[in-house]
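A note on names: the letters A, B, ... follow the listed sequences, proteins ahead of strands, and every chain is numbered from 1.
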Amino acid sequence: MARLILRRLAIAVPLLWLVVTLTFLAVHAVPGTVADLIDNPQLGPQARAHIEEQFGLDRPLGEQYVRWLAALARGDLGVSFLYRQPVSRVVARALPPTLLLAGTALTLDFALGILLALIAVARPRSWFDRICTVFSLGLYGMPSFWLAGLAILFFSVILGWLPASHMHSVGAIGASSSVRFADLIRHLILPAGVLGVVGAAGTARYLRAALLDLHEAPYLLAARARGLSRRRVLLVHALRPALLPLVTLLGLAIPFLVSGSLVIEVIFAWPGIGRVLWTAAWARDVPLILAVTLLGAGAVILGNLVSDVLYLIVDPRARSPR
Amino acid sequence: MSVRTAPPRLRTGAAVIVLMIIACIAGPWLIRPLPGMDPARAALLPPGSRVTVVLLTDGAVYISPRVARDAGHIVVRGPGERRIDIPRGRIAKLATHRYWLGSDRFGRDLLRESLTGGRISLAVASLALLIALIVGGSIGLAAATFGPLADSLLMRLVDAFLAFPILFLLILAVALFRPGPPALILVLGLSSWMGLARLVRGQVLSLRQREFVQAARVAGSPWWRIWELHYAPNLVGPVAQDAALRLGDLVLAEATLSYLGLGIPPSTPTWGSLVAEGHKVLLQGWWLSTFPGLAIASLVIALALIGDGLQDLARNTSGEGETAPVPAEPV
């Protein structure tokens, strides 16, 4: 297992390099620079040149690339064009909101997904199973941005219960910490709820199929034949092997935790990584785009590694040499 | 397999898809705006609204939601609910249009827009799937056929593509092409072939070990015969199942990108951009984002039913269970 981890980490470095290099080339292939975004018709060619010089965009592409890589090797991600701050600070500020939103959404996703699947499988082909299946299938097909719009219309506009955007109310900034916490939770409910519910539909479908596949397995027949209760068979004998595929889902969850959901963050004006990438992409903020891409790719590689290692731990059959 | 013996989920899903395709192709051609219609007079009409256009012989046009027919003349509601009586003799043409799904803020029929948008959404997703099938299929086959070196190189390529955040590919496409259908198809296709490559490679490698393939080899069958008789028929099922679900993911991805304004330019309606347009006037017209969203959901659900049905089929014929595919990563 240690060899697997080491080998994967060794591959990770060139892989990350490939990802950022291609991103670098792609961003520079876009005609125009950050200077185009300063929306001022009186911006003459001289001022433009000045802005481009300020950000080092007047240098040859190769030089920009080498400088950026050299700085990266020292752990320096550069300065964001848009925020005029070190990229590391911008990313560090956006990471906690994304972790909070994605973490809450994932908890809801897995909790609701496992629950729905268990209820559905407890009595296959029963009324309840059918309702759960139809419910999760319906949610599975819904685009998250569409559900977000409906949720805003219903809960924020018509009922007026929950705020429709941002992470804090303006009035809560100077308030006591308990008020601010309650305010944060109120802002968290809609985006996390939409993400969690849509995700739970996929998880439930996946897990239900995995559990039903096991239903006819000989060792479950044997367990039932020994007279074990239905609940014990399901929760102890069937659930454990069926959780194996969930490990794969957990691997996918790690990149999601870090990069978040771009659409949901944009719709709810949630100040996380997804929204930072969104604004950075529109503003041609090269250092910021590269840093977020690096973060995302790193999370994907880490997620794959974690899910492979977890798989080896939970499934002894996978440990046999190829 | 005949239609009768097909699993019910497969039948339902296929029926929905066929109906949607027919509606999207024929619909915009059948539902046409009324001649002489002033779009401004039909803005933001709720679903089921009716508008009548009355063309007079002298060229004047009356547009009214309600028209009362009397014996000798008809009564039109003019501006400010004013009653206007028009004798029958002066009417050159009288045409009524019903906005089954309501109209948008430019007075366009949402049903027609949604069906036109459906053409593009369906075409983009299907062509992207075709790219994914070609690229994924050939890379999977090459990895399985051309020895261990090619295998490990190609599988690392798959890993690299899987490590790219999807937005990277988007920026690349927007950079190299003008944003529009071709760029979108290419981006979606090139970001979704990896699963298929892994699937095809895995299937071919495991089929190669099976007795019937080994027997055919020993018996001296030429390679193309083995492909035709053994590999191809056994690949079709899993690939079709994967393709059905992937098409659903592609529809959702296209909708999300168009919603964000990264996909098709907003002048062309797609389901995603219609939802985005609808969200701008969510309070004045809830129907504008609701119905295109329902269209996306029904298509994705129908494709999921087809995928499930194909899995039922595989389970019934081979007796082997396959676990459901991993749900897509949220965008």
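- In terms of heavy atoms, A:Arg205 sits closest to B:Leu245 at NH2-CD2, 4.0 Å.
- Only the side chain of A:Ile11 has a heavy atom closer than 4.5 Å to any heavy atom of chain B.
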Without placing hydrogens or testing angles, list every side-chain donor-acceptor pair under 3.5 Å for residues 282-292 of chain B, not counting sequence neighbours.
from, atom 1, to, atom 2, distance (Å)
B:Trp287, NE1, B:Leu45, O, 3.3
B:Trp287, NE1, B:Ser103, O, 3.2
B:Thr290, OG1, B:Trp286, O, 2.6

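- Atom CZ of A:Phe154 sits in a sparse spot, with 12 or fewer heavy atoms from other residues, nucleotides or ligands closer than 6.0 Å.
- Annotation for B:Ala304 and A:Leu137: closest pair CB-CD1, 3.8 Å, computed over non-hydrogen atoms.
- Between B:Ile296 and A:Trp146 there is no side-chain heavy-atom pair separated by less than 4.5 Å.
- Heavy-atom distances place both the backbone and the side chain of B:Leu294 under 4.5 Å from chain A.
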Report all side-chain donor-acceptor pairs from residues 12-22 of chain A shorter than 3.5 Å, counting only partners two or more places apart or in another chain.
from, atom 1, to, atom 2, distance (Å)
A:Trp17, NE1, A:Thr21, OG1, 3.3
A:Trp17, NE1, A:Tyr65, OH, 3.0
A:Thr21, OG1, A:Trp17, O, 2.7
A:Thr21, OG1, A:Tyr65, OH, 2.7

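- Considering every non-hydrogen atom in both A:Pro143 and B:Gly293, the closest pair reads CD-O, 4.2 Å.
- The part of A:Ile301 that comes within reach of chain B is its side chain, from C-beta onward, which places non-hydrogen atoms under 4.5 angstrom from that chain.
- The most heavy-atom pairs under 4.5 Å with chain A, out of B:Val251, B:Ile301, B:Leu299, come from B:Ile301.
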